[in-house]
Amino acid sequence: MNLITFTFTLVALISLILMALAFWLPTLNPDNEKVSPYECGFDPLGSARLPFSLRFFLVAILFLLFDLEIALLLPLPWGYQLDSPLTTSLWAGTILSLLALGLIYEWLQGGLEWAE
């Protein structure tokens, strides 16, 4: 049997098995909480005009900032292969220190506390 044919057959078989498990396993033990829709911590059956939690917004923004940090630092290993890896390290350290200072500031201001 050809190696490429075997690989495609194996991939298709594993994919079909995983899809069948994904459809079969959740129906074994349905729970009222599991089958209800989840809308970012809000009750989906309540009023849509409730005030938006500023703390939830702040945590979402912090997540986006640290996600952006990962995206900015992702090419760092390839940056060490440049002529001047010191410049790459300097910019990476600057990004990390600015984010660390921002996190410390938020922590000291109490922005990460859920309960007051």
Exercise for the section: Any chance you could measure Met19, atom CE, to Ile14, atom CD1, to the nearest 0.5 Å? Expected result: 12.5 Å

Exercise for the section: Answer yes or no: does atom CZ of Phe8 have more than 12 heavy-atom neighbours from other residues, nucleotides or ligands under 6.0 Å? Expected result: no

Problem - ILVMFWY cluster membership beyond Ile104 - transitive side-chain contacts under 4.5 angstrom - result: Leu108

Handout entry: Spacing of CG belonging to Leu103 relative to CG belonging to Leu62, to within rounding of 0.5 Å
Key = 7.0 Å

Practice task
Decide whether Val11 and Leu3 are clustered together by the hydrophobic rule: side chain heavy atoms of Ile, Leu, Val, Met, Phe, Trp, Tyr closer than 4.5 Å, transitively.
Solution key: no

Practice task
State yes or no: do Ile95 and Leu98 share one hydrophobic cluster built from I, L, V, M, F, W and Y residues joined by side-chain heavy-atom distances below 4.5 Å, directly or via other members?
Solution key: no

Problem - Validation row: Thr9, Thr5 side chains within 4.5 angstrom (heavy atoms) - result: yes

Exercise for the section: Identify, with sequence neighbours excluded, every residue that meets side-chain contact (heavy atoms from CB on, under 4.5 Å) alongside Thr87. Expected result: Ser84, Trp91

Exercise for the section: State yes or no: do Trp107 and Leu65 share one hydrophobic cluster built from I, L, V, M, F, W and Y residues joined by side-chain heavy-atom distances below 4.5 Å, directly or via other members? Expected result: yes

Problem - Atom pair CG (Leu18) and CG (Leu25), whose distance is rounded to the nearest 0.5 Å - result: 10.5 Å

Exercise for the section: Show the numbers, then the answer: is there a side chain to side chain contact (heavy atoms under 4.5 Å, CB included) between Leu101 and Tyr105? Expected result: CA-CA 6 Å; Leu101 286 174; Tyr105 176 76; over 6 Å; no

